[in-house]
Each structure stands twice: as C-alpha cells, then as structure tokens.
Amino acid sequence: MCINNEWPDLDDRTLTEKMQREIKLCHLKFILSWMRVRGTLPPDVVLAIKIGKALEQYRAAGSKQERRAAVRSLVKRVKPEEIRPAMLRLRTCIENAQAVDVAHKDHTGKRKSFKGPQYYAVVPGAPKWRLAARPDEVQSESGLLRVIDEKTTGRMSQRLRHIFFFFGLVVYLSEAEKIEAAYGTAMEAWKKACDAERKRCNHRNRSHQGKKNKGRTVQFERPFYPARPVKAKVPDIELMPLLTGTVKNEAGEDVAAPQPASFFFSPFRAGADIDRALEAIAMIEEAFAKKEFPARTNPTCKFCPYRIGCPGFAEYERTHQPTSDLVQITANNSSKEASAVDLATSASTPVDGCTAYEFAH
C-alpha cells in the first residue's frame, strides 16, 4: 500500500502526540497520516471531524451571527442525509459544553478563544527535532499554568491522560526554554554592567593615584557590582480536561459525562516522557531511512481510518475470526444513526440550515 510507489522524505522534524502514538502502533498508519491521505476515512469519522470543527467555531463565536455562520458552515460541509444527525449531535455537544462552562465557570469564564497558541519545544537529546502541542487554552496565574482542553468524549481514558501529559511536557519544556533564554540575557547584561563598573573604578583610581585631598591621600574606590540575576522556576502545570460527550446512565439514557478532576504534570516524570519521545523519533528516522512502512496488526486495527485496502487489516480479519466485535460495532452504529434520524424527523422544531442555530437558545 504505497502512493505512486514512493514514500516522502523526512522534511519536517516536528513530533506531536498523535505521531508518537501512531509510529509505535503501525508504521503504515503513521505515514498515511503524515501524507495527509484522508480519502479512505469512514463516513462516521469524517462527520465527527466536521462536527468537532463546527463546535470549536460555535464556541469561539462572539455574536449570534457568528454562531449562525458556524452552524451553516457545517450544513454546507455534510451530505443532505447527514444534516439532521449532525445537527442533533452538534446540539448535544453544545449543551454539554455549556454545562461544563457552568460547572467550571471560575476557569472557563476567563477564556477569550477556544484555539490556543501552538507550543514548541526542542527535544533534549535530539536538537534537530521539536515537540509540538496545541491545547485549547493555557491560563497563567501566580506560579501556575493551567492547561485546558475540551474533548468530545464521555470517558477519561488512559489515552487521554497520555495526551494531557504530553501537553504538560511540551508546555514545561517550552517554559523552561523561555526561562533559560531570559536568564542568559540577564546574565549577559549583568556581566556587561560588572565590566563597566570595574573599568570605571580602575579609571577613577588611576586618575587619582598619589593625589591628595585636604591633606589626605585619596583612597582607592572598590567597584560596586549589581546583584546577580536569579533564574526563575518553571510554574506548576495543572492539566484540566473538559469532557463534552455523553455517557449511559442506569436507565440507558444519554446524560452529560461527569467531569474528571484536574491533575498536575510533575517535572520528575519529564525524563520518562522525553525517553518515549526519543524512542519514537528513532523509529521515525529508521523508517524514513529504509523507506519501509509495514502494517502492524494491533487491537486498534478495527478502528483504523485506513483499514480499507490495508494488508495488515486483512491479516487481522483472518486471525480474528469470527469478527463478532466488528459486526456488533457496525450494528450499534447503524441503530444509533437510525435512532438519530427518527428523533430528528419527529422533532417539533425543524433543525436545518436556517433554524439550526436556535437550538442553543
């Protein structure tokens, strides 16, 4: 499975959490994501990505017209038969996100935008590489950096924890680089000030050497050096996930997901996280050097967006017969989609391109 029988060269040495995860799971999935090949994505995955982008635009909108534009942009990007399920799913995500804002009004009320800045950090041990992360928001308080990121899921899985720890690592290394650069600049200025003070005292002492003032010999003046700069410490990093998805209650109904407690990134785990990044970098460089990106079967093959036409997935199907899990997942997805369409059809208020923005008011 290769496009034009040629693999690209390693022209960008930026490592994200997704790349670090995919290169360890499957080389073929990694290179396809690297090349931005999205033509084989399943329709439900494409729809989920479009809904997620519309949710970000809606949440970042500052006026009713901008919210209407965000919803209408989603209507234009989906197929006609997907409009009602997409509107219902978007409405659920917006309602859950608003509930999250109420529960965390002390923090989310301060947010100006839901697209935070990109953070970069040079990888210790691999100076040609850099880590990249873009959480939704990084709030700065006295001695504290709060990393906030919304996820459209309803469960705080171990994978999400690794994503947030990766965010914490990049922010920690980025802040450490800024502090180190500021400390170096302050030290250079301090050294120049010390040299200037030393030269001033030497010139003054030489010019007054042997002279007398009111019958007394002028005493030598000692240089008065400025205070030496002190290197600042990296602020504590708090990781705060906000879940906007739903979970099933005891009655089988979809309810807003409970919000997990925030946790902190410890500098003591930075070494282990850097080692994992270096391991992924070594695997990426070796794969690009050999131009070999084999498919690796793993438990995530049945959820892979590139499983169509993948030899690894064909092997996975042969070694995991019968594929009862895949049949059950397909049946569940079909039933959920049918239920969503029926619910949208029976809704008293139409959800279309003109009135879709009203469901949040």
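Residue numbers run from 1 in the order of the sequence given. As a basis for the values below, the full set of heavy atoms in this structure was taken, side chains included, without hydrogen atoms, waters or symmetry mates.
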Check your understanding: So, Ser262 and Glu238: side-chain donor and acceptor under 3.5 Å apart, yes or no?
Key -> yes
Shared hydrophobic cluster, Leu173 / Leu278 (ILVMFWY, side-chain heavy atoms < 4.5 Å)
yes
To the nearest 0.5 Å, atom CG of Leu15 lies from atom CD1 of Ile284 at 5.0 Å
Quiz prompt | Exam field: side chain Asp136 to backbone Glu150, donor-acceptor pair closer than 3.5 Å | solution = yes
Between Val170 and Ala121 the two heavy atoms that sit nearest each other are O-CB, 3.9 Å
Closest non-hydrogen atoms of Arg91 and Leu88, given as atom of the first, atom of the second and distance, are NH2-CD2, 2.6 Å
Checklist entry - Does the distance from a Lys or Arg side-chain N to an Asp or Glu carboxylate O, for Arg146 and Glu137, drop under 4.0 Å? => result no
For Pro235 and Leu144, the nearest pair of non-hydrogen atoms, with its separation, is CB-N, 3.9 Å
So salt bridge (charged side-chain N to carboxylate O under 4.0 Å, His left out) across residues 262-273, not counting sequence neighbours, yields Arg269-Asp273, Asp273-Arg276
Residue pairs passing the side chain to side chain donor-acceptor pair (under 3.5 Å) test with at least one member in residues 192-202, sequence neighbours excluded, are Asp195-Arg198, Glu197-Arg200, Arg198-Tyr225, Arg200-Glu221
Q. Looking at Phe288 versus Phe293, is the centre-to-centre ring distance below 6.0 Å?
A. yes
Note: Thr246 and Thr92 closest approach over all heavy atoms is CG2-CG2, 3.6 Å
Review point. Applying the 4.5 Å side-chain criterion to the ILVMFWY set and letting contacts propagate, would Phe165 and Val123 be lumped into a single cluster?
Key: yes
* **Flag, side chain of Asn298 to backbone of Arg296, donor-acceptor distance under 3.5 Å** => yes
Residue pairs passing the salt bridge (charged side-chain N to carboxylate O under 4.0 Å, His left out) test with at least one member in residues 155-168, sequence neighbours excluded, are none
Rounding to 0.5 Å, atoms CE (Met283) and CD (Glu279) come to a distance of 6.5 Å
- Between Trp190 (side chain) and Pro226 (backbone), is there a donor-acceptor pair under 3.5 Å? yes
Checking the side chain of Glu17 only, and the main-chain atoms of His162 only, is there a donor and an acceptor separated by less than 3.5 Å?
no
